[in-house]
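Numbering of residues begins at 1 and proceeds along the displayed sequence.
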Amino acid sequence: MSQQDNFVGGFFAGAVVGGVVGGILGVLIASKVANNDATASEETFPKLGVKPNKSRKGQLRPPTEQSIELARRGLEDKIAQLNEAIDDVRQQLGGVNGAPKENIEKAIARDS
């Protein structure tokens with residue numbers, strides 16, 4: 001019984017210490033990420049090549065037609081890539097659970 005009591009006490013102590021250390025690390029990392037995001041938002045967006053629309057006070061302005069069109073084209077390209085990937089996977093898998101349709105039809109005929 002003594003070992004079990006020590007295990008339970010050690011488990012809870014480890015959970016508390018781990019929670020405190022994890023919380024401190026989370027706060028430190030989050031603050032660094034927030035600082036990096038603030039500086040990165042002023043740079044150009046990597047895939048669209050468009051700078052964010054900011055007014056003098058640092059507030060975002062409504063997007064322009066050009067930026068909306070670039071974003072739409074980028075999304076259409078991504079959707080087309082996803083559709084191609086889905087079609088490839090469907091062709092590779094064939095029928096249900098990867099079994100070709102012929103095998104499924106043979107199994108149904110055999111069971112009947």
>> For the OG1 atom of Thr64 and the CG atom of Leu70, what is their distance to the nearest 0.5 Å?
In response: 8.0 Å
> When rounded to the nearest 0.5 angstrom, what is the spacing between CG in Asp88 and CG in Asn83?
Replying inline: 11.0 Å
>> Listing request: all salt bridge (Lys or Arg N to Asp or Glu O under 4.0 Å) pairs with a residue in residues 62-74, at least two apart in sequence or in separate chains.
In response: Glu69-Arg72, Glu69-Arg73, Arg72-Glu76
>> If the condition is side chain to side chain contact (heavy atoms under 4.5 Å, CB included), which residues does Leu28 pass it with, not counting sequence neighbours?
In response: Ile24
> Apart from Val17 itself, which Ile, Leu, Val, Met, Phe, Trp or Tyr residues share its cluster (side-chain heavy atoms under 4.5 Å, direct or through members)?
Replying inline: Val21, Leu25
